[in-house]
Structure formats: C-alpha cells, structure tokens
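These values consider heavy atoms only, across backbone and side chains, with no hydrogens, waters or symmetry-generated copies. The sequence lines fix the lettering, A, B, ..., with proteins before strands; numbering per chain opens at 1. Not measured: the values here are computed from a predicted model.
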Amino acid sequence: MDVSHLLDPLNEAQRDAVAAPPGPTLVLAGAGSGKTRVLTHRIAWLVETLDVSPLSVLAVTFTNKAAREMRGRIENILGFSLRGMWIGTFHGICHRLLRAHPQAANLPETFVILDSDDQFRLVRRALRELNVDEGYWPVRQVQWFINNHKDEGRRAHHLPDTEDSQHDTLVRIFAHYETQCQQLGLVDFSELLLRAVEMLENNDDLLCAYHQRFSHILVDEFQDTNTVQYRWLRLLAEPAKQIVAVGDDDQSIYGWRGARVENMSHFEHDFGPVKVVRLEQNYRSTGNILRAANAVIEHNTSRLGKNLWTAGSEGEKISVYAAFNEIDEGRFVIEQLQDWVGQGHRRDSAAVLYRSNAQSRVFEELLLDAGIPYRVYGGLRFFERAEIKDALAYLRLAYSHDSDPAFERIVNTPTRGVGARTLEAVRMTARVESLSLWQATVQLVQSDTLPKRARSALQNFLELITALGNQLTDLALSEQVSVIIRHSGLIDHYRKERGERAETRVENLEELVNAARRFSFDPIEHEGQDALGAFLSHAALEAGEGQAEEWEDCVQLMSLHMAKGLEFPVVFLTGLEENLFPHQRSLGESGQLEEERRLCYVGMTRAMQRLYLTWAEVRRLHGREDYTTASRFLSEIPEDLITEVRAVTAYPTLSASAAMAANPSDNIMLGTTELRLGGAVRHTKFGDGTLVKVEGQGASARVQVNFEKEGNKWLVLAYASLQPL
DNA sequence: TAATCAGCTTTTTTT
DNA sequence: AAGCTGATTA
C-alpha cells in the first residue's frame, strides 16, 4: 500500500515519530510543532501499513474537544468512519469501562456520575452528617483534599492514623463520603479513573481481554497526566508496551490540579528503553516570538530540554507597552486592535490573554464602548447552568426515584413549601433507616410525624415526580426533556423571575430539548445504558460549549490556561506584573514559579505573527489601587527582540503619569527631598518599598508604603525614618 | 419563606 | 468591587 500521503507532508522528526517501530515512544512536542498531526498520522499509519484495526487502537485525550478533533482528522485521512473506535477522554473511556463491567467494579448497574457541583453538595452533606463545623472546614477545601488523594490513588483507608486531629477529621469525612457514594451508587470524576484502575488490577481476565483488544495506545498532552492516569496507562500498555505518549514538559500548567510532569521522565524509566522523538520545528510563530519564548523558558531549571526554531521569517519585534493603569492598558489594546482590524483582518484572529479572569472586565467595558464584538471564554458552560442542572435533576428523579443528589436539588425548586426543617427531617429519616431520600419521604408522608403543611408539600412533590415519571414512558428522549421542563414548573418558575437572566434561562431550557434531539444514542458506545441514562452521563462528562448560540467574528478574551492548544495571529498578553503574573500565590515555591513561567511560555507561543506584552504601573484590583512592578518575565526577554511602545502622545508616560495622577499636594516634603507617590523608599527596619498613599500634613502626616518583604504598612512620617531612593 | 445585611475572600479548570 | 455566605429580620 502506498503510504506516501502519510509521510510526505511531514518533516523528518515527525516522520520518525509516525513510523516509529512498535514499542514505547515518547514524543516531546514543542508548541506549534504539529503534534496532533503526528498523532493522527501515526494512527493512520498503523491502520494502513501494519494492518492494525482501528478497533485495536486506544487514543486518549484530556478534553472532549481534542478527542472529537482527533477522530475527525483521522477519518479525513483514512476516508472512512471510525465509529466504534475508542478515542476519548480519560474519564470518558474509564466510564465506558465501568459501564461494561459494573459488577467487576463493584458498582450498581445504574451508577450515576457526579460532577463537581454534585460532589460539593455531597461533601457538604457528609460534613453535616458528621457534625463538622463548616466554618472551620470549608466544603471546597475538603472536596479538594478528597480529590487530591483520589488523584494520587489514595482512598481514606490508605491514609494512616496520625497524631494530627485535624487531619484525622478530614480522613473521617473522606471515609464517610466514600461510604455514602458507594451506598448511593455515585461516582465522581476522580472515582471514574481510580475505580477503573482498581477494577483492572483486580481482574486479571478482564485486564487480559483488554490487552488483547488494545494493541496500540496513544496519549495526548501526556504532561498533564496525574498519578492515577499514569498508573492506568501502564496497566493497559503492559506487557506489549505499544504506546506513544505525546507531550511537552514546558507546557505543563496544571500541576496545581494534580498533573505530574514527572510522568514524562518516569515514562522513560518505566517503559524503557524508550524511543524519544523531539519535535522542535515550529510552524506557528515568527522567529522573534520563538526566540523570546525560548529565552523566557530557559530560566526554568527542571526541563527535559528542547529548543523551538522556525524556517520562517524573523517577523516583527515584540511590542511591550507599559501602561499607566489598567484602563490605559485596555485603551492601548483596543487601539491596536482597531488598527489590526482596520487592516482588513478578522476580529477572531486576535486574542487578549490574562492570568486571572477578573482582568477581563476592563477589556470588556472598553470593547463594549468601542463597539467591537468580543467573546469571553470561561465561566459556566451549558450543562453547568443552574436551570439546566435543575431540569436534568427532574429527569433523573422521574427516571430513578432514589437519586439523592437529584432529590436534594429540586425538592424545593421551584419553591413548594419544603423548607430546611422539613428537609432535615427527611434526611434524618433516610440516615436512620438507611433509605434514599425519596423512600424516606414516602415513609414520612405516610406517617404522622410531620406538620400538616410540610406533609402536604412533600406529598405534592411525590405526586409530581411520579406523574412525570409516568409521562416519560415510551417517549423519545427529546420529548421526555420537553415534558419535563414544561410540567416540572421550571419554565414558569424562571419566566416569573425578573431580570434579563430569566429570559436566557428559559431559552437555555428550550435549548436543552435541542441538545437532547442532537444527542445520538449508540447502543455499542453506550453499552449498559438506555438513551436517557446515556444522555445524563453525557451531560456530566461533557459540559458543553459556553453558550448555545453561534459566535460571529469576535475578538477572543480568555485566561492563559484556556488558551493552551490554541493559536492566534495576534496575541495581547496582558497584566505582566509581579504578584499578578507571576501570581502572588506562586511566589513562595520555585516549582510554582516555574509553572507560572511555563504559563507565560504557553501564552507567548500562542502568537503567530504579532505579540504584544503589556503591564500597568498602577492596577486597581480587589478594590485597592496598587503600584506595581513589571513582571520578571519581561526582563527575561532579550532587549533586541523588543520594541518598547512608548505612550502615544495622548497618554502620559511612566513617571510623568504617576506625578500627574497624584495631586501635587500628595507628594510630601521630607526635609529638603520630596517623597513622590509611587516612588521607591527605604525603611531601616522594613527594607525597600513603594510609597502608595499619603494622608495628612506636616507632623501628623502618615504614609502608606508597600514593602517588598513586609507588604503594606502605614507609617507616621515624623517617626519613620524613610529615605527616598 | 424570602429578603436583606454585614463580613469575608479574592488564580488557574477538565472531567 | 463584587460576589458569596451566614445570620438576622419582616
């Protein structure tokens, strides 16, 4: 068979990876080096030259989007449909494994996936049942504790007893939560992975069967794998070790949620000898952008080592703009944006990137003023919206009455007179009698223990859900959804709600019907589930796009994390200030600082033609106005790659701006020298800092100084020995 | 049960 | 600043 179409479009390194002999292969794929191309061509190569069936290939990604894209691209190359082939996310594939063998996994056939919101509620319930003080033990933190351990493969019983009573409390909650999940047949995201690993570890026959089935494994974004994911990969890839892992240690930006870059070096050790291929030729950015990005990332010590290069042109220099404040920064970005669009470029060829989402506001306001359409990424996705989750809960409860999370969610939504008191009684009964909330309610309604009002409220609820359940039988999925949103009272409830939000909510509910209509139920892919069950799982595993509507040509606004994997002709990397980027909370540890630097590297390498780096001398954040220092990442870029864009006449320059902004009387005399607002000062005890505020005059004058080490302090000028620098 | 208020925190996010 | 939480009030 002629496979030249698979190899010809590739460079040497790519070809080396695609045609690598069977065995463990690690592809170090730099930004923009064509790693998706390598993955897709590799699979096509396996199929076309080695006669491997697509059904024997397992391809794992992190996001549904990446999985869809990969499938589409391989189908394009091969020219036939890959229906039935296992290309999916870690979670999606583990879910499929568990559905196929619930008994081996010790799960009920009807197990339900908890998304993080559901998990939050369940953890909260565990806290309350154990009478743990929620003020002292924030649910979020406990949830974090549990997930961290599970991502590391540890369950509550693995955690040793300690002398530390605080830790013991956490473990107790963890254990209770696990019991709760097991009893109720609930599986959170981490559990999908851990349970699948344990199932395979404990069932040789099963594992063997999958070894037979999957002769080739491919992993994308390998640097983002956590401990359990790696364990799972090892398990499935042994003993044949026909595994290709593609990743970039320099783009590891999810350490904070359990990703282990070390897996890349472990891989060489655990699977060795490993064929390593470096993809260093970049097809995305100009030479200057690459050199700048390389210069920044070189400041990291723990690297596998890689140097991106391009055969393309140097391109423009990188523009650095030091803004007076965040509004000036925004104005600058918009000015440049208008220029760019004025030259005939599409708006969606430009992206504004920032470290934290709060920064988007200024840009949004200014873009709105300027009449430039924009899209902000992030925020709630479709299936995470409250109204959608409400509707799904009605569906679930009508479908299987014993789903406690669904019950809790909607028992009083819309309000029907079931208050906290009543609910507590229900929970109590459920706990004491080991019943589901639904069963407990049935019992309470039949007994005589509740006040009349509460009892009839519950009675109505039971009747409503039962009636809904009866109406669902024999309907198509989308009709079931339609019935639910109408007869649950949700539509009326949200219609009555005031504000613009109400309207969108009703629209979203209507859209849910469409989503159900679009959902294609595949008895093979969704083995072990019926259409409704599969749809509900789908909703948990794939949160969906930000909004249902189509997006016209819009300027793209997003956090740096969201930008990974994307590319734009023009990129504005904003807020390059110490304490913001790198973020304040990362400054303590060098490991965290290196992750921030990688984030910067990711941001810079998104740019194809033009890169702007901006920072603001004064930034209003959390309601405070602070003087800032330029990010260290800026100074890590060689000067010859940079053009300092100095203020266009309309905008004041650095120090002039500080002086202008400050009321002249805000500056204050200290002896014969003048202390300038925003100027650097030295204190004998606290060290160096920046003068931030001045209050009062003469002997009673007080100043606020932001010290590098000690943070903000108020000092009485007469007593503090401040020295201007 | 719902509305209101004071106090508190503040990255990044997929599944 | 703003959004969220817990507590208090109507």
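Counting any heavy atom pair closer than 4.0 Å across all strands shown, A:Val418 reaches sugar-phosphate atoms only and no base atom. The residue A:Arg361 sits close only to the backbone: its heavy atoms come under 4.0 Å of sugar-phosphate atoms, none of a base.
Using a cut-off of 4.0 Å between Lys/Arg side-chain N and Asp/Glu carboxylate O, A:Glu152 and A:Arg260 are scored as salt-bridged.
Residue pairs meeting the ring-ring contact (aromatic ring centres under 6.0 Å, His included) criterion with at least one partner in residues 577-605 of chain A, sequence neighbours excluded, are A:Phe581-A:Phe633.
Below 30°, between 30° and 60°, or above 60°: for A:Phe174 and A:His149 the angle between ring planes is below 30°, a parallel geometry. Below 30°, between 30° and 60°, or above 60°: for A:Phe363 and A:Tyr354 the angle between ring planes is below 30°, a parallel geometry.
Side-chain contact check for A:Glu329 and A:Thr614: at least one donor-acceptor pair (N or O, by modelled atom type) lies under 3.5 Å.
Between A:Phe461 and A:Phe407, a ring centre-to-centre spacing shorter than 6.0 Å is recorded. Aromatic ring centres of A:Tyr254 and A:His561 lie closer together than 6.0 Å. With ring centers used as reference points, A:Phe519 lies under 6.0 Å from A:His526.
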Contact letters for nucleotides 10-15 of chain B, in which S counts primed atoms plus P, OP1 and OP2 and B counts the base, heavy atoms under 4.0 Å: BBBBBB
B/S/- contact track for nucleotides 5-10 of chain C, protein heavy atom under 4.0 Å: -S----
